[in-house]
Amino acid sequence: MSEKDYKSYRFNSSSEPSDEMLDYLMSKAAQEVRKSNKEVDKAFFENLRLLSKERKSEWK
């Protein structure tokens, strides 16, 4: 399955993906979720550090 096919593929009730296609689709989806989670985690902890630094400076 090419990248173009992957991006344009949509599940529907009239046809089911082959095991190979489903494996590829799920693998790509998992990669995208891991990437997204890394970005969200990074932003969360950067924000947490910033807020912590601000609060510490208020107490000094």
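As a basis for the values below, the full set of heavy atoms in this structure was taken, side chains included, without hydrogen atoms, waters or symmetry mates. We're numbering straight along the sequence, starting at 1.
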Sorted by chain and residue number, the side chain to side chain contact (heavy atoms under 4.5 Å, CB included) partners of E54 (sequence neighbours excluded) come out as L50, L51

Contacts of R55 meeting salt bridge (charged side-chain N to carboxylate O under 4.0 Å, His left out) (sequence neighbours excluded), chain-then-number -> E58

Output for pair (E39 CD, N37 CG), nearest 0.5 Å, gives 9.5 Å

- Query: Is it true that atom CG of N47 has more than 12 heavy atoms of other residues, nucleotides or ligands lying nearer than 6.0 Å?
  - Reply: yes

Sorted by chain and residue number, the side-chain hydrogen bond (donor to acceptor under 3.5 Å, both in side chains) partners of Q31 (sequence neighbours excluded) come out as none

